[in-house]
Colleague: 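Before I ask anything, here is the structure I am working with.
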Amino acid sequence: MVYTVSITSQGQISIPAKARKKVGFTKRAILSVEKDHLVLKPVADVMDLMGSLKTNKKPLSGEKIHKLFAEAMARGEV
């Protein structure tokens, strides 16, 4: 599968839909430079994992998360 793509003045390209689907691109990708090639790899969206782990624990409230984060910052852990 080979495509010719255009590069905008801002350096953006569009990846054809068939190529995105075949490789599994969603919203994010990792771009690396290897010698004289650009290598683009898909990144799994963490939200795709939602519901894959089972637990009996209740989720933390936003207020509790904020409090725990503030405490961690006060300890210099963040």
Side-chain angles (χ1 to χ4, degrees):
M1 188 182 309
V2 176
Y3 296 95
T4 299
V5 297
S6 298
I7 303 173
T8 69
S9 60
Q10 288 85 26
Q12 298 172 334
I13 65 168
S14 291
I15 303 169
K18 283 184 181 180
R20 287 193 316 266
K21 289 176 186 172
K22 182 174 176 89
V23 178
F25 285 122
T26 54
K27 295 179 182 179
R28 301 186 140 270
I30 295 175
L31 175 71
S32 61
V33 178
E34 296 180 9
K35 295 184 181 178
D36 61 345
H37 289 77
L38 296 177
V39 178
L40 198 59
K41 297 179 182 179
V43 174
D45 187 343
V46 72
M47 294 307 287
D48 292 341
L49 300 174
M50 193 163 58
S52 63
L53 301 175
K54 304 294 181 205
T55 181
N56 293 330
K57 294 184 178 183
K58 293 182 180 178
L60 297 175
S61 67
E63 192 174 290
K64 180 69 173 178
I65 292 170
H66 180 74
K67 180 182 176 195
L68 291 171
F69 183 73
E71 290 171 357
M73 284 192 63
R75 292 189 302 268
E77 297 174 0
V78 178

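Counting begins at 1 with the first residue of the sequence. Values in this document were obtained by computation on a predicted structure and should not be read as measured data.
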Colleague: Which residues satisfy the salt bridge (Lys or Arg N to Asp or Glu O under 4.0 Å) test with Arg75, sequence neighbours excluded?
Modeller: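 Partners of Arg75 by the salt bridge (Lys or Arg N to Asp or Glu O under 4.0 Å) criterion, ordered by chain and then number, come out as Glu77.
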Colleague: If a pair satisfies side chain to side chain donor-acceptor pair (under 3.5 Å) and one of its residues is in residues 5-18, list it, with sequence neighbours excluded.
Modeller: none
Colleague: Would you sort out whether Val43 and Thr26 count as a side-chain contact (heavy atoms from CB on, under 4.5 Å), showing the intermediate values?
Modeller: CA-CA 8 Å; Val43 174; Thr26 54; over 6 Å; no
Colleague: Can you tell me how far the CD1 atom of Ile13 sits from the CG atom of Leu40, to the nearest 0.5 Å?
Modeller: 7.0 Å
Colleague: In chain order, what residues pass the side-chain contact (heavy atoms from CB on, under 4.5 Å) check against Ser61, with sequence neighbours excluded?
Modeller: Glu63, Lys64
Colleague: Who clusters with Val39? Use side-chain heavy atoms, under 4.5 angstrom, across I, L, V, M, F, W and Y, and order the result by chain and number.
Modeller: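 Taking Ile, Leu, Val, Met, Phe, Trp and Tyr as members, Val39 stands alone, with no cluster partners.
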Colleague: Could you grab the distance from atom NZ of Lys58 to atom CG of Leu60, nearest 0.5 Å is fine?
Modeller: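 Those atoms lie 12.0 Å apart.
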Colleague: Count the heavy atoms of every other residue, nucleotide or ligand shown that sit under 6.0 Å from CE of Met73, and state whether that count exceeds 12.
Modeller: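 Result for CE/Met73: open.
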Colleague: Given side chains that start at C-beta, do those of Val23 and Ile15 come closer than 4.5 Å, heavy atoms only?
Modeller: no
Colleague: Could you list the residues that satisfy side-chain contact (heavy atoms from CB on, under 4.5 Å) with Leu38, not counting sequence neighbours?
Modeller: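 So Leu38 forms a side-chain contact (heavy atoms from CB on, under 4.5 Å) with Leu31, Val33.
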Colleague: Does Ala70 have any side-chain contact (heavy atoms from CB on, under 4.5 Å) partners at least two apart in sequence or in another chain, and if so, which?
Modeller: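 Counting only residues at least two positions away or on another chain, Ala70 forms no side-chain contact (heavy atoms from CB on, under 4.5 Å).
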Colleague: Between Gly24 and Pro42, what is the shortest heavy-atom contact and its length?
Modeller: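 Looking at all heavy atoms of both residues, the shortest contact is O-CB, 3.6 Å.
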